[in-house]
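Beneath this line is the structure, given in structure tokens, with notes to follow.
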Amino acid sequence: MNDKASSAPRPLTAGDRLYLIDGSGYIFRAYHALPALTRKSDGLPVGAVHGFCGMLIKLLRDASNGEKPTHLAVIFDHSAETFRNAIYPEYKAQRPEPPEDLIPQFGLIREAVRAFNVACVDQEGYEADDLIATYARQAREAGAEVHIISSDKDLMQLVRPGVTMLDTMKDKTIGEAEVLEKFGVPPEKVIDVQALAGDSVDNVPGIPGIGVKTGAQLITEYGDLETLLSRAGEIKQTKRREKLIEFADQARISRELVTLKDDVPVEEPVEDFAVREPDPGAVVGFLKAMEFTTLTRRVASDLEADAEAIEPVPVAVEGWEAPAADGGGAAAAAAGDGAATPGMRAAAAADAVRAVAIDPSAYETVTTLDRLDAWIAQAREHGVVAVDTETTSLLAMSADLVGISLALEPGRACYIPVGHRASDGFDFDGDGIAQLDRAEVVERLKPMMEDPSVLKVGQNFKYDWLIFIRQGICPAPVDDTMLISYALDSGRGGHGMDELSERHLGHKPIPFKEIAGSGRQQVTFDLVPVDKATAYAAEDADVTLRLWLALKPRLAAEGKTAVYETLERPMVAVLGEMERAGVQVDRNVLSRLSHDFAQGMARLEAEIHELAGESFNVGSPKQLGEILFGKMGLEGGRKTKTGAWGTGADVLETLAAQGHDLPLKVLEWRQLSKLKSTYTDALPGYIDGEERVHTSYSLAATSTGRLSSSEPNLQNIPVRTEAGRKIRTAFVAPRGAKLVSADYSQIELRVLAHMADIPELKQAFADGLDIHAMTASEIFSVPIEGMDPMVRRRAKAINFGIIYGISAFGLANQLSIPREEAADYIKRYFERFPGIRDYMEGTKAFCREHGYVETLFGRRCHFPNINVKHPSERAFNERAAINAPIQGTAADIIRRAMIRMADALEEAKLKARMLLQVHDELIFEAVDEEVDRTIETAVTIMERAAEPAMTLKVPLKVDARAAENWEEAH
DNA sequence: AAGTCTTCGTA
DNA sequence: GTACGAAGACTTC
């Protein structure tokens, strides 16, 4: 403990303000919410420490309500074991180990607390939360005001008159209203809801199938947990009633686990927390040692101390070793401009963006040409402008422009309505609404939107790009906050605007539903009143700009500029063009197939009902399960976690193999049903007036760098079965042209051979051998000549398994062999190719240590759950971590090819257009006389796509051919 | 009307 | 065993 105040502490009284900081909670939250930051001189991770010190300084200057604390303490957890483990041994049992770069910061934060001369409290056997509950009760009973610095929902039960929580990271006070919003019940009933809902993070079991929503509703209805449990028999919903009865005791234990103990025999009296003036030498010395230049300056000036004269105070660091000289810090520092590192500038930028509150009522609606010109002029002067379009549809290819919003600085944004209509049903052309003419607005915006010196910032800009292109504007240059986030944080959560706003700005944007309604009452944006539209649309531009300010500096700080600039940003226009082109689809082919499939289904259905002896819905797994395992009494066991009979294809196949006719016919029926509903019936709905279908590609939907395709998904058009392949004949080229398909051969195995550096595999690819036959020959010691196809098939399954992070269980499933046999194959494979095993182990170890893996081109994929305790979940993460660099590198390579393709085709004076991408395949449309040269160009670009950034140790091979339709071209 | 589960199509 | 998206059934509101 630090120096005691000279006079004896006086008891707390009314008028005192006690601030209790949940130190342990803060550390984890700050670590994840704030940008990673390292000490410039040696790379010591200090992001959470920086956030913590900033928070302390702000609090000591003036808390957010403008009142300084009279008493202040930081409370920490003592150790993992608490009295709760005696009640329930599994409590917090699956907490992951803290990340490597957080460990040294635990000690540093305690050092910080001491340096600031603030009370620092922990106590064996109790969690920080219990100590907080106890001190809060004592202070409140003494008449003092209590503020708890935390956003932990477990502390929300303490909120009451005189006790509030304060989330300093979001600058938000949590009072009774906020608790009610979060839990649906007032604070005193929070523990009852938690007892029902449980908590997977703390491993509080709760009652299965009941979440916060249902829990709150039940508690509201019955008053409290005990009443609910004793009257559980009255519940109408069967499943819910049974669960409540079955797991009643589990709920009672859960309630004990979440109830905070407010009568801990505390060792430190609350009076001792009276705020004390820090010693300038200690606190400035500490901040200097951390190399927090801005904070040092701020504190020195607050304390009227001369920062220059104070030496850094050496701080011992536990749990971290400085790298040898010339570590990563040097590279980061090289990009800096003076004292601050890019990391610190990135952190400062994120702080600054949070500083200005978001106020949707403060935006301007632009309805005169003068104001429009003024905004355009300011955008040009400013050099950066966030842009967002509002339209009538999520489908960019058929959406009509309704308005445009611009943002120049945080809080300074406008909305330009151009296509609103009154919703009374009479004003069809919008004459009655004050808005500018669309064509005129477009014409005036165009020069600025195309001005190379004005950067246009968007969120998911491919959408807006398509809208602008269709208006005759070709926006450039552009930045996309969604793609910046994707380059930085893939695997750490989604990249949609609302999610990013909540994550980085602590702000929840107005939901679309709130202004346009939902369900039956939902209206298109053109029918939204202009004032509401302004609040919504301008806020989007404002948020986009703030996200850009917060995220863009991180690219340089985290070394991801090249990934963003070479693999992400150029894709906006490339995919935009592909989506705009679309692919021609012959609706007559689809309609004929639909008819054929329907006939086949009807025939099978009759046969199935005959075999079952009754009529039932073949498409219902539930009814089918009843027939198979109930009525017919077949062996096959329960499966799914909800307790239903499993009727997956594998189960039905097993039954069919035993000679049962019904499951076989169900399998055939399902195949036809799938093809009909998903493809032949659904696709015609996407065909436009030009007979073409325009899919939408998502650049940020996968964790690995692959694209995804939706509305419709053209990356899962059938190919494996004869019936399915017929659907591909509906994808055609226009008269006088052909479809060209070019696909990489074995790209993932080639990538693996390069990355793991396996001599035999490299040689095999160099020699153009059949890689699966070669693998089979190596591990089963059989000659390639005259090989049994079954042996090759086994080797092929192993090769795929390797890419997926093989497990004996999975391989056994794939090959329908016993697990022991599969384990034996894997063992033999690794004996023959030890380099693959080393590579896989190396990848896992790297991921465990860093929390991410990277592709050859530097794309980072995060795995926040790689270190969880639960064995099968961890194994799942490990397999994904092994797969990600392989799948991701292949994805990077085809992206590079696609980005170069447009220029290459143009340079070769070819009219061919790239239409589709299916992970390792590109589909083009080329006029008949240019087919050969298109193939030549496409193959060359694709095979050389890794160069010059990377020289692969194996050649890339591309097969390409042309035909009238996709089936024949593939 | 909205959300979850199951199944199945692709690389 | 990896990565996705879509459809229908089912459940609950």
Side-chain angles (χ1 to χ4, degrees), chain A residues 209 211 213-214 217 236-240 491 513 517-522 617-625 639-652 666-667 670-679 681-683 695-698 701-721 723-725 727-728 743-744 746-748 797-815 819 822 826 840 861 872 875-888 890-891 894 916-921 970:
Chain A
K213 281 270 154 61
T214 314
Q217 177 229 319
K236 286 191 293 268
Q237 298 91 335
T238 322
K239 277 228 165 94
R240 191 172 291 174
K513 279 183 196 158
S518 68
R520 198 171 285 276
Q521 296 102 297
Q522 178 149 20
N617 180 358
V618 183
S620 159
K622 199 178 159 198
Q623 293 179 35
L624 178 62
K639 262 201 353 194
T640 61
K641 45 191 161 188
T642 47
W645 294 110
T647 65
D650 50 340
V651 176
L652 299 188
V666 172
L667 281 169
R670 278 192 183 166
Q671 193 200 7
L672 295 180
S673 164
K674 178 83 178 177
L675 296 176
K676 183 168 184 292
S677 68
T678 309
Y679 304 103
D681 287 350
L683 276 174
T695 184
S696 172
Y697 287 103
S698 172
T702 72
S703 55
T704 55
R706 274 193 178 180
L707 304 180
S708 80
S709 155
S710 63
E711 289 182 307
N713 181 355
L714 296 186
Q715 291 182 320
N716 71 343
I717 302 299
V719 69
R720 286 174 202 186
T721 65
R725 269 199 301 277
I727 291 164
R728 292 195 170 215
D743 68 295
Y744 283 106
Q746 312 284 6
I747 186 167
E748 293 188 343
I798 295 172
N799 277 332
F800 276 104
I802 293 294
I803 292 167
Y804 298 153
I806 204 152
S807 80
F809 182 84
L811 182 63
N813 250 353
Q814 176 68 30
L815 289 174
R819 211 174 57 225
I826 296 170
M840 291 170 77
C861 312
S872 65
F876 174 81
N877 275 283
E878 286 173 353
R879 290 193 296 270
I882 288 168
N883 173 255
I886 304 170
Q887 189 186 114
I894 197 166
L916 302 174
Q917 188 250 42
V918 192
H919 308 309
D920 65 0
E921 174 187 15
H970 183 74

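Every value quoted in this text rests on a predicted model; they were computed, and no experiment measured them. Note on naming: letters A, B, ... go to the chains in the order of the sequence lines (proteins, then strands), and numbering restarts at 1 for each one.
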Next item on the list: Could you check which of B:dC8, C:dG5, B:dT10 has an atom nearest any side-chain atom of A:A701?
Entry: C:dG5
Check: Which nucleotide in the list C:dA3, C:dG1, C:dA6 gets nearest to the side chain of A:F809?
Finding: C:dG1
Note to self: Please give me the minimum heavy-atom distance between A:L916 and A:T695, naming the atom from each residue.
What the structure shows: CD2-CG2, 4.5 Å
Notebook entry, point to check: Within the structure, does a side-chain N or O atom of A:S620 lie under 4.0 Å from either OP1 or OP2 of C:dC10?
Noted result: yes
Next item on the list: Remember a base hit wins even if backbone is also touched, and classify A:I803 as base, sugar-phosphate or nothing at under 4.0 Å, heavy atoms.
Entry: nothing
Notebook entry, point to check: Base, sugar-phosphate, or nothing: which does A:E711 touch, judged by heavy atoms less than 4.0 Å apart?
Noted result: sugar-phosphate
Next item on the list: Mind checking A:I717 for me? I need base, sugar-phosphate or nothing, with any heavy atom below 4.0 Å counting as a touch.
Entry: sugar-phosphate
Notebook entry, point to check: Of the nucleotides B:dA11, C:dC10, C:dA3, which has the atom closest to the A:T704 side chain?
Noted result: C:dA3
Check: Which nucleotide in the set C:dG5, B:dA11, C:dA7 lies at the smallest distance from any side-chain heavy atom of A:A682?
Finding: C:dA7
Notebook entry, point to check: Reckon A:S703 has a side-chain N or O less than 4.0 Å from the OP1 or OP2 of C:dC4?
Noted result: yes
Note to self: Between A:C861 and A:S703, is there a side-chain heavy-atom distance shorter than 4.5 Å?
What the structure shows: no
Note to self: Considering every strand and a 4.0 Å limit on heavy-atom distances, what is the contact class for A:A884: base, sugar-phosphate, or nothing?
What the structure shows: nothing
Note to self: Closest-nucleotide mapping onto DNA chain C: is A:R706 or A:P712 further toward the 5' terminus? I mean the 5' end.
What the structure shows: A:R706
Next item on the list: Establish, with yes or no, whether the OP1 or OP2 oxygen of B:dA11 is under 4.0 angstrom from a side-chain nitrogen or oxygen of A:R720.
Entry: yes
Next item on the list: Scan A:G801 against the nucleic acid and name what it touches under 4.0 Å (heavy atoms): base, sugar-phosphate only, or nothing.
Entry: base
Notebook entry, point to check: Between A:R879 and A:Y804, which heavy-atom pair has the shortest distance, and what is it?
Noted result: CB-O, 3.7 Å
Next item on the list: Answer with base, sugar-phosphate or nothing: what part of the nucleic acid does A:T702 contact at a heavy-atom distance below 4.0 Å?
Entry: sugar-phosphate
Note to self: Students often get this wrong, so: under 4.0 angstrom with heavy atoms, is A:A875 touching a base, only sugar-phosphate, or nothing?
What the structure shows: nothing
Next item on the list: Quick one: label A:A812 by what it contacts on the DNA or RNA (base, sugar-phosphate, nothing), any heavy atom closer than 4.0 Å.
Entry: nothing
Checklist line | Closest non-hydrogen atom pair, A:Q671 against A:T721 | finding: NE2-OG1, 2.8 Å
Check: What is the nucleic acid contact for A:Y679, judged by heavy atoms within less than 4.0 Å: base, sugar-phosphate only, or nothing?
Finding: sugar-phosphate
Check: Is any side-chain nitrogen or oxygen of A:N617 closer than 4.0 Å to OP1 or OP2 of C:dA9?
Finding: yes
Notebook entry, point to check: For C:dG8, does OP1 or OP2 lie under 4.0 Å from any side-chain N or O of A:K622?
Noted result: no
Next item on the list: Give a yes or no answer on whether the side chain of A:Q715 reaches the backbone of A:S709 with a donor-acceptor pair at less than 3.5 Å.
Entry: yes
Next item on the list: May I ask which nucleotide in the shown strands pairs with B:dA1, Watson-Crick or G-U wobble, both distances under 3.5 Å?
Entry: C:dT12
Next item on the list: Classify the side chain of A:N713 versus the base of C:dG5 as yes if they form a donor-acceptor pair under 3.5 Å and no if they do not.
Entry: no
